[in-house]
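So the structure is just underneath, and the comments pick up after that.
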Amino acid sequence: MPPVALVTGGSRGIGLGVSRRLLQDGFAVAILARRPSPAAVAELRAEAGEDRVLYLQGSVADLADQRRYLDAALERWGRLDLLVNNAGVAPAVRADLLEATPESFDRVLGVNLRGPHFLTQAFARAVLGHRLDPPPPDSRAAWSESAGGAGADPPDRPLATIVNISSISATAVSTDRGDYCLSKAGLAMATQLWAVRLAPVGIVVYEVRPGIIATDMTAAARAKYDQFLADGHLPIARWGRPADVAAAVSLLAAGGTPYSTGEVFHVDGGLHTPVL
Ligand code: NAP
């Protein structure tokens, strides 16, 4: 039985990159997204095998959909190893703080913060309900071999891993999308809260913090970010790609950092580094 990953919003952009990478790493992947199953999911099935990709149409902001999502993955595979809280939305309209509406606030916070917070709660409860499942094979044997074979003391493998895809907007201010910034700052705190709460039960929690990644979400601001790059603000002077974020998730999901939790892993070409 392969290890099982849940990737919210795994049908487009960063989430699609993460799904594809995790399938290559040997995971079975369950995707939750709003539209009817898109062509990209059929492609994933063709690449990885029909039985390793599950698609559920629903919203991460809807707790009943979250329940259906967990139940569908458990029913199909009987185990849960990784949750990637990736699904997210930008405000429909970029509005100055003095004009921004409570409707936009509720929508953005509902998807970007309330959704992942309660999905994390439901995932952790479900994992603990299934903790008798054997851990995925491989890492202990591989570690023991590289450390000198029998007698070496392998690290504990986490029972499960949660990765929150936040944003540079967790700390960088954009006054024309305050709701988005608040949602990502909240997700950063959710990472720390859940990291501390779940450490005693063996579940590790990480935050992956992307910078400027080429997806549908940033398409509308393409010219602005092209100029930002041309002005020399990015130490690694190119747009990020979904595969860059997926590579970070893959590292953290591999279980090779069992004594770390609550960490922030930046995937932003160095953008977060203060430069004088
Ligand atoms: P994207 O291209 O707009 O894709 C968003 C994905 O999330 C789609 O699969 C979409 O599914 C899904 N989704 C949206 N609302 C949902 C909901 N209520 N329930 C379930 N699924 C939902 O966005 P992206 O650029 O890949 O962003 C992915 C994550 O990275 C987001 O959390 C975003 O805030 C974060 N991020 C992005 C960037 C960037 O530069 N792109 C930078 C920092 C952080 P449908 O197709 O069905 O709508």
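Indexing begins at 1, ligand by ligand and atom by atom, following the structure's order. Residue numbers start at 1 and run along the sequence shown. Atoms considered below: every heavy atom in the structure, side chains included; atoms not considered: hydrogens, waters and symmetry mates.
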Nearest protein heavy atom to atom 11 (O) of ligand 1, by residue and atom, and its distance?
-> Ala33 CB, 3.5 Å
Could you tell me if any non-hydrogen atom of Gly211 lies under 4.0 Å from any atom of ligand 1?
-> yes
Nearest protein heavy atom to atom 22 (C) of ligand 1, by residue and atom, and its distance?
-> Ala87 CB, 3.6 Å
For atom 24 (P) of ligand 1, the protein heavy atom that lies nearest, with its residue and separation | Thr215 OG1, 3.6 Å
Going by distance alone, is a donor N or O of one side chain under 3.5 Å from an acceptor N or O of the other, for Thr8 and Tyr69?
-> no
Looking at Leu187, Thr191, Asn85, which one forms a side-chain contact (heavy atoms from CB on, under 4.5 Å) with Glu207?
-> Thr191
Starting from atom 44 (C) of ligand 1, locate the nearest protein heavy atom and write down its residue, its atom name and how far away it is, to 0.1 Å.
-> Ser166 O, 3.0 Å
Which of the atoms in ligand 1, numbered in the order shown and given with their element, are less than 4.0 Å from a heavy-atom of Asp216?
-> 2 (O)
Ligand 1 to Ile14 polar contact by distance, N or O atoms, under 3.5 Å | yes
Proximal candidate to atom 28 (C) of ligand 1 [heavy atom criterion; set Asp268, Asn86, Leu56] | Asn86
Rounded to the nearest 0.5 Å, how far does OG of Ser19 lie from CD of Glu43?
-> 12.5 Å
Start with the C-alpha distance between Gln24 and Arg21, add both sets of side-chain angles, then the distance that settles side chain to side chain contact (heavy atoms under 4.5 Å, CB included), and finish with yes or no.
-> CA-CA 5 Å; Gln24 288 164 359; Arg21 177 61 191 257; 3.8 Å; yes
Interfacing atoms of ligand 1 (cut-off 4.0 Å, heavy-atom, Ile165) | 30 (O), 32 (O)
Less than 3.5 Å between some nitrogen or oxygen of Ser167 and one of ligand 1, yes or no?
-> no
Take atom CZ of Arg76 as the centre, draw a 6.0 Å sphere, and report whether it contains more than 12 heavy atoms from other residues, nucleotides or ligands.
-> yes
Would you call Arg68 and Asp65 a salt bridge, using N to O less than 4.0 angstrom?
-> yes
For atom 8 (C) of ligand 1, find the nearest protein heavy atom and state the residue, atom name and distance (0.1 Å precision).
-> Arg12 NH2, 3.7 Å
Distance-only N or O hit between ligand 1 and Ile213, under 3.5 Å = yes
Looking at Val89, which atoms of ligand 1 are within less than 4.0 Å of one of its heavy atoms?
-> 14 (C), 15 (N)
Counting distance only, does the side-chain N/O of Arg52 pair as donor-acceptor with the main-chain N or O of Leu23 below 3.5 Å?
-> yes
Indicate yes or no for a side-chain donor-acceptor contact from Lys184 to the backbone of Ile165 under 3.5 Å, with no hydrogens or angles considered.
-> yes
Under 3.5 Å, N or O to N or O, is Gly15 touching ligand 1 that way?
-> no
Check whether any side-chain N or O of Tyr180 sits under 3.5 Å from a backbone N or O of Asn112 as a donor-acceptor pair, and report yes or no.
-> no
Per-atom filter on ligand 1: closer than 4.0 angstrom to a heavy atom of Leu32 are 20 (C), 21 (N)
Enumerate the atoms of ligand 1 whose separation from the nearest heavy atom of Thr218 is less than 4.0 angstrom.
-> 39 (C), 40 (O), 41 (N)
4.0 Å heavy-atom contact, Arg209 with ligand 1 = no
Does Gln192 reach the main-chain N or O of Gly262 with its side chain, forming a donor-acceptor pair under 3.5 Å?
-> no
At what distance is the nearest protein heavy atom to atom 19 (N) of ligand 1, and which residue and atom is it?
-> Val60 N, 2.9 Å
Under 30°, 30 to 60°, or over 60°: which ring-plane class applies to Tyr225 and Trp239, parallel, tilted or perpendicular?
-> perpendicular
For atom 33 (C) of ligand 1, what's the nearest protein heavy atom and its distance?
-> Tyr180 OH, 3.5 Å
The reported gap from CD1 in Ile203 to OG1 in Thr261 (rounded to nearest 0.5 angstrom) is 10.0 Å
May I ask you to decide if Ala254's main-chain N or O and Arg157's side chain share a donor-acceptor pair within less than 3.5 Å?
-> yes
With a 4.0 Å cut-off on heavy atoms, is Gly58 touching ligand 1?
-> yes
Enumerate the atoms of ligand 1 whose separation from the nearest heavy atom of Gly9 is less than 4.0 angstrom.
-> 6 (C), 7 (O), 9 (O), 12 (C)
What is the nearest protein non-hydrogen atom to atom 18 (N) of ligand 1, stated with its residue, atom name and distance?
-> Ser59 OG, 3.0 Å
Kindly say whether Phe228 contributes a backbone atom to a donor-acceptor pair with the side chain of Asp231 at under 3.5 angstrom?
-> no
Is the shortest distance from a heavy atom of Thr8 to ligand 1 less than 4.0 Å?
-> no
Side-chain donor/acceptor of Asn86 to backbone N/O of Gly9, under 3.5 Å | yes
Given Gly13, Gly88, Gly17, Ser11, which has its nearest heavy atom closest to atom 5 (C) of ligand 1?
-> Gly88
Based purely on interatomic distance, does Asn112 place a nitrogen or oxygen under 3.5 Å from a nitrogen or oxygen of ligand 1?
-> no
